[in-house]
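Residue numbers count from 1 along this sequence.
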Amino acid sequence: MMSGRRTRPCCCLLPLNEDNGRFLLLAIFIVLYLIAGATVFSTIERPSEAVAHNRWNKILKNFSSSFNISIQELRSFLRDYEAAMAAGIRADALRPRWDFTGAFYFVGTVVSTIGFGMTTPATITGKVFLIFYGLFGCAGTILFFNLFLERIISLLAFVMKACHERQLRRNGLLPPMVRRGSSVSEVDSLVGWKPSVYHVMLILGIFAITLSCCASAMYTPVEGWNYIDSLYYCFVTFSTIGFGDLVSSQNAVYRYQGLYRFGNFMFIFLGVCCIYSLFNVISIVIKQVLNWLLKKCRCRCCSKCHKSNTRLGRRNAITPGARFRRNPISVDTDGNYDSDTEGRRLSGELISMRDLTASNKVSLAILQKQLSETANGYPRTVCINTRQNGFSGGVGALAIMNNRLAETSDSR
């Protein structure tokens, strides 16, 4: 009977590539984030809820004994009042919910996915219509947000690149007297330059804070809220969370009513677009943190991992002669080459079934890029050093930001 030590399996043999590892880390991070948030909010808000519950029970008992009404009858009356509140009826005078102005406010909260909950359809016909109306309306609004993100990133890239050129010219690194329309432009020395993702995040964050502070300065005197409640309302609304505990423009009459409602609409519109763009930029930073964690947690226990670190390959790219090596090839997603021919198979080489299987490990981002190039009829030209600024590929809004930044830097 042969006895031998059982070797520990390498973690590289596990079916976990970089995309799946990033997804798993993000899922774990979200779960831990939810647990931490639930713990904090439960610690903060639970005592206040208990105090309010005890105070309300005392009020019910005092009212029942004072007016000789049973607790059951009083609770039944309160249920009717809650149903009236759900229908939009309040003790104080409020604006009509389903006139044209109220309905327009309602559909705005629907297509923007804010959904305050102050106004909801009560009829079967209205609920069925809302399903189809919200389906196309939300999809169209998300497309509008993506197009807005594309233009705001292009504007920021244009302004930041102009500032960068001016700084280089001031430091003597660029000729100061060259015009933009000349054949030899200083932009040629900045090919591939794109602004840092952290600078874009900082600018969007400052703009979002400024917009929220200005909106809160308007809501505080008009709605009668304190300034902290106004800031809280701005974030809940601009981020499309929409709890509905505080809702603007609900009173029947305001001083300078037309001007206030126009300002309310503009603040909500700009705030939602700005926070949407900021969330997408923050998601890129989170992706960079996940990539850093994956790189730190990468297995270093076998020669396969060390060889994959010394020579990194492209996605969907096979190194010529890889099928003749003893060790199997490793497809890495963070590869970077100086030319288009390096790292790709030459046209005269044969390809084995094993190499073909390895070459088909293409991510969703590569497939999306290929489909986009096929639909447009031409490939997008993305500079080689696009990874230096933090915008590295992406899907959806992330791909929009990366492509627009590359087009902005190339067009100039």
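The heavy-atom pair separating Phe144 from Cys273 by the smallest distance is CE2-SG, 4.0 Å. Scanning all heavy atoms of the two residues, the minimum distance from Leu231 to Ser212 falls at CD2-O, 3.8 Å. Residue Ile282 comes nearest to Met201 through the heavy atom pair CG1-SD, 3.9 Å, listed as atom of the first residue, atom of the second, then distance. The two residues Tyr227 and Ala217 have their closest heavy-atom pair at CE1-N, 3.8 Å. The shortest heavy-atom contact between Leu78 and Trp56 is CD1-CZ2, 3.5 Å. Of all non-hydrogen atoms in Thr113 and Cys138, the two that sit nearest each other are CG2-SG, 3.9 Å.
Interatomic distance, CD1 of Ile203 versus NE2 of His199, reported as 8.5 Å (0.5 Å rounding). Summarising the geometry, atom CG belonging to Leu290 is positioned 5.5 Å from atom CG belonging to Leu26; distances are rounded to the nearest 0.5 Å. Distance NZ/Lys161 to CG/Leu168: 11.0 Å, rounded to 0.5 Å. If you take CG on Leu278 and CD1 on Ile206, they are separated by 11.0 Å, rounding to the nearest 0.5 Å. With rounding to the nearest 0.5 angstrom, the CZ atom of Phe279 is 10.0 Å from the SG atom of Cys274. From Ile268, atom CD1 reaches atom OG of Ser112 across 8.0 Å, with rounding to the nearest 0.5 Å.
Distance alone, capped at 3.5 Å, places no donor-acceptor pair between the Thr119 side chain and the Arg97 backbone. Without hydrogens or angle criteria, Thr109 side chain to Phe106 main chain gives a donor-acceptor distance under 3.5 Å. Side-chain atoms of Gln250 come within 3.5 Å of backbone atoms of Ser248 as a donor-acceptor pair (strictly under, hydrogens ignored).
Partner of Glu150 under the side chain to side chain contact (heavy atoms under 4.5 Å, CB included) criterion, out of Ile152, Ile153, Leu147: Leu147 alone.
The aromatic rings of Phe148 and Phe269 sit perpendicular to each other, their planes meeting at more than 60°, with 30° as the lower class boundary. The aromatic rings of Phe243 and Tyr232 lie parallel to each other, with less than 30° between the two planes, well short of the 60° mark. Ring geometry for Tyr219 versus Tyr233: interplanar angle over 60°, hence perpendicular rather than tilted (30 to 60°).
Two residues are said to be in side-chain contact when any heavy atoms from C-beta on lie closer than 4.5 Å; Val51 and Pro47 fail this criterion. The side-chain heavy atoms of Met118 and Tyr105, taken from C-beta on, include no pair separated by under 4.5 Å. Proximity of Gln288 to Val197: side-chain heavy atoms (C-beta onward) are separated by under 4.5 Å at one or more points. By the 4.5 Å heavy-atom criterion applied to side chains, Lys287 and Asn291 are counted as neighbours. Glu223 is listed as a side-chain neighbour of Asn251, based on a closest heavy-atom distance under 4.5 Å. Residues Leu149 and Asn280 are in side-chain contact: their nearest non-hydrogen atoms beyond the backbone lie under 4.5 Å apart.
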Check the pair Arg261 / Phe265 against side chain to side chain contact (heavy atoms under 4.5 Å, CB included), numbers first and verdict last. CA-CA 6 Å; Arg261 288 185 175 175; Phe265 171 78; over 6 Å; no
Residue pair Arg255, Val222: steps toward the side chain to side chain contact (heavy atoms under 4.5 Å, CB included) verdict: CA-CA 8 Å; Arg255 188 178 181 183; Val222 176; over 6 Å; no
Audit row: Phe145, Val272, side chain to side chain contact (heavy atoms under 4.5 Å, CB included) steps and yes/no: CA-CA 9 Å; Phe145 287 158; Val272 170; 3.2 Å; yes
Step by step, work out the side chain to side chain contact (heavy atoms under 4.5 Å, CB included) result for Leu24 and Asn20. CA-CA 6 Å; Leu24 181 61; Asn20 292 334; over 6 Å; no
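Side-chain contact of Tyr254 with Asn264: a donor-acceptor pair under 3.5 Å is absent, judged by distance alone.
Remark: Phe262 CZ is loosely packed, at most 12 non-hydrogen atoms of other residues, nucleotides or ligands lying under 6.0 Å away.
For Arg79 and Glu82, the salt-bridge test fails: no basic side-chain N is under 4.0 Å from an acidic carboxylate O.
When ring centroids are compared, Tyr260 and Tyr256 stay outside the 6.0 Å threshold.
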